[in-house]
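Here is the structure we will look at, set down as structure tokens.
By convention in this document, chain letters (A, B, ...) are assigned in the order of the sequence lines, proteins followed by strands, and residues within each chain are numbered from 1. This structure is a prediction, so every number in the text was calculated from the model and none was measured.
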2 protein chains.
Amino acid sequence: MSIDPRSHTPVYVQLADLLRSRIESGELPPGAPLESEARLSQEYGIGRDAVRKAISVLRFEGLVTSSRGQPTQVRPRPERRQVEVPRGSRISARMPNGHQRRQMDMDEGIPILEVHSPDGTVQAFPADEVVLTCP
Amino acid sequence: MSIDPRSHTPVYVQLADLLRSRIESGELPPGAPLESEARLSQEYGIGRDAVRKAISVLRFEGLVTSSRGQPTQVRPRPERRQVEVPRGSRISARMPNGHQRRQMDMDEGIPILEVHSPDGTVQAFPADEVVLTCP
DNA sequence: TAGCATTTGTCCGTATGTATA
DNA sequence: CTATACATACGGACAAATGCT
């Protein structure tokens, strides 16, 4: 498996596809560290910019997390608890903005599930923590 | 409203916050073009990289769309149609991966709403096009 | 405790490609 | 054809957080 710099599909997309398939196949299980950016850059003969962009793509898909001083790792998936919504609820999803995301201490790439109850109350859940059930 | 390069909050976050507030306040309505990257770079005395990163943040929040040759614009919000889900459905949300997103021709920053019906069928909707209703 | 190496984050500069008007 | 605008890709430099010695 390699990367073709002359392809019409951008280098960073090729690398993102490559890493994603490794994650989804289970070769890189949840919690496993990715190779460092410098290592990937060297290994595939591409710039660090392309590597960072590829990893950024995966972050915004919710597949990996990265923070300073630590290797980027495959995102552990939390257990999803079931939440029963009232009859007549309206349910929507959207991405949180920066403020909301930092306030709720959420990773990038995780949507918010919003439940509007008939009584007017609104509840918001990080989408990776819940499954809504319709009674 | 200005940007402080010596602040501990990154320049691109400051610019993203600034532009986001202009969008959410309605000063930049849906469909309106943002200033060009070069213009923003010059106007706030920051690098083009920081400008691009700020705009990328807003793209992944679903607030703007950008494509080659055209100014980045505030994302027009489509009408949300109501979809009634069967009783006993389980509802979850997640970000699409690159393949799915391109196949469904979705913008970046738009989650997918998944409805698992009791009969085993699964339906997926771009989250900005629908509101689910629980009967 | 202090120091060091590693890793990711931020920022800038330059160049080239590609779509649009 | 030209000018504008965004996309991709490379390079370098320094900052900040982490873990280990």
Side-chain angles (χ1 to χ4, degrees), chain A residues 2-19 28 31-61 63-75 98 101-102 105 107-109, chain B residues 2-19 28 31-61 63-75 98 101-102 105 107-109:
Chain A
S2 190
I3 284 180
D4 177 14
R6 294 167 314 181
S7 164
H8 290 297
T9 64
V11 169
Y12 79 90
V13 174
Q14 294 182 57
L15 179 56
D17 289 347
L18 199 154
L19 293 173
L28 288 171
L34 269 63
E35 294 169 283
S36 77
E37 295 173 356
R39 184 108 175 67
L40 288 169
S41 168
Q42 192 180 28
E43 187 173 346
Y44 291 101
I46 61 182
R48 192 192 168 203
D49 215 36
V51 173
R52 284 186 58 76
K53 186 125 196 223
I55 291 178
S56 148
V57 166
L58 301 180
R59 263 210 320 275
F60 283 107
E61 291 176 3
L63 293 179
V64 304
T65 64
S66 41
S67 55
R68 258 185 189 147
Q70 279 173 300
T72 297
Q73 67 170 224
V74 180
R75 191 160 179 282
R101 192 174 62 73
R102 287 187 287 268
D105 193 36
D107 283 335
E108 285 169 327
Chain B
S2 188
I3 284 179
D4 176 15
R6 294 167 313 179
S7 164
H8 59 282
T9 65
V11 169
Y12 78 90
V13 175
Q14 294 182 56
L15 179 57
D17 289 348
L18 199 154
L19 293 173
L28 288 171
L34 268 62
E35 296 168 282
S36 78
E37 294 174 355
R39 184 108 175 64
L40 289 169
S41 168
Q42 194 180 26
E43 186 173 346
Y44 291 102
I46 62 183
R48 194 188 167 210
D49 214 39
V51 173
R52 285 184 59 76
K53 186 119 196 237
I55 290 177
S56 146
V57 166
L58 301 180
R59 262 212 320 275
F60 282 108
E61 291 176 4
L63 292 180
V64 305
T65 64
S66 42
S67 54
R68 271 199 260 240
Q70 278 173 302
T72 297
Q73 66 170 222
V74 181
R75 192 161 179 280
R101 192 174 62 74
R102 288 186 285 271
D105 193 34
D107 283 335
E108 284 168 329

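- Look at NE2 on H8(A): it is 10 Å from P on dA19(C), rounded to the nearest Å.
- Taking atom CD of E108(B) as the reference point, atom C1' of dA7(D) lies 11 Å away to the nearest angstrom.
- Toward the 5′ end of DNA chain D lies the nearest nucleotide of S36(B), the other residue of the pair R48(A) and S36(B) mapping further downstream.
- When each of dT8(C), dT10(C), dT8(D) is scored by its nearest atom to the side-chain atoms of Y12(A), the top-ranked nucleotide is dT8(D).
- Counting heavy atoms from C-beta on, the side chains of V74(A) and L63(A) never come closer than 4.5 Å.
- Atom P of nucleotide dC11(C) and atom CD1 of I3(B) are separated by 10 Å, given to the nearest angstrom.
- Rounded to an integer number of Å, the gap from CD of E37(A) to P of dG9(C) is 6 Å.
- The distance from atom CD of Q42(A) to atom P of dT6(C) is 13 Å, rounded to the nearest whole Å.
- Checking G47(B) against E35(A), the closest nucleotide of DNA chain C that is more toward the 5' end is the one next to E35(A).
- When the C1' atom of dG9(C) is taken as reference, atom NZ of K53(A) falls 17 Å away, rounded to whole Å.
- Of the candidates dG9(C), dA7(D), dC11(C), dG9(C) carries the atom nearest the R59(A) side chain, counting heavy atoms from C-beta on.
- Side-chain atoms of D49(B) stay outside donor-acceptor range of the base of dC11(C), with no qualifying N/O pair under 3.5 Å.
- Taking CZ of R75(B) as the reference point, atom OG of S66(B) lies at 11.5 Å (rounded to 0.5 Å).
- The nearest pair of heavy atoms linking R102(B) to V13(A) is NH2-CG1, 4.2 Å.
- For DNA chain D, the residues of residues 65-74 of chain B within the heavy-atom distance limit of 4.0 Å (strictly under) are S66(B), S67(B), R68(B), G69(B), Q70(B), P71(B), T72(B), sorted by number.
- When the shell of 6.0 Å around CD of Q42(A) is examined, it contains 12 or fewer heavy atoms from other residues, nucleotides or ligands.
- Atom pair D4(B):CG and dC11(C):P shows a separation of 11 Å (rounding to whole Å applied).
- Residues A54(A) and Y12(A) come closest through the heavy atom pair CB-O, 3.3 Å.
- Note that OG of S41(A) and CZ of R52(A) are 12.0 Å apart. Values are rounded to the nearest 0.5 Å.
- Among the atoms of the strands shown, only primed sugar atoms or phosphate atoms (P, OP1, OP2) are found under 4.0 Å from some heavy atom of I46(A).
- For the pair L15(A) CG and dA9(D) C1', the interatomic distance rounds to 13 Å; values are reported in whole Å.
- Between L15(B) and V11(B) there is no side-chain heavy-atom pair separated by less than 4.5 Å.
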